[in-house]
Chemist: 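Quick one: the structure is below, questions incoming.
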Amino acid sequence: MEKHLTPEATQGMLEFTQNSIYLMGASFVLGSLFTLFLLLVLDFVRRNKEEKKF
């Protein structure tokens with residue numbers, strides 16, 4: 001016995017899948033930008049500490 005989905009259900013699943021992929025991509029980009037920002041801040045903090053020693 002095969003179960004078939006209605007076209008509306010199939011379209012809903014397709015939209016959900018596309019939105020999930022966009023969400024994963026956006027979270028990857030935002031996470032990468034946040035990591036770069038954090039690394040830059042830590043680098044400036046370390047550089048300023050080294051300048052104060054001399």
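Atoms considered below: every heavy atom in the structure, side chains included; atoms not considered: hydrogens, waters and symmetry mates. In this text, all values refer to a predicted model and were calculated from it rather than measured experimentally. In this chain, numbering begins with 1 at the start of the sequence shown.
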Chemist: If you round to the nearest 0.5 Å, how far is CZ of Phe37 from CG of Leu33?
Modeler: 11.0 Å

Chemist: Can you find a heavy atom in the side chain of Asn19 that is under 4.5 Å from one in the side chain of Leu23?
Modeler: no

Chemist: Flag the pair Met13 / Leu5 as yes when at least one side-chain heavy-atom distance between them is below 4.5 Å, and no otherwise.
Modeler: yes

Chemist: Quick one: pull up CZ in Arg46 and CG in Asn48 and give me the separation to the nearest 0.5 Å.
Modeler: 11.0 Å

Chemist: Check the pair Leu39 / Asp43 against side-chain contact (heavy atoms from CB on, under 4.5 Å), numbers first and verdict last.
Modeler: CA-CA 6 Å; Leu39 289 173; Asp43 189 43; over 6 Å; no

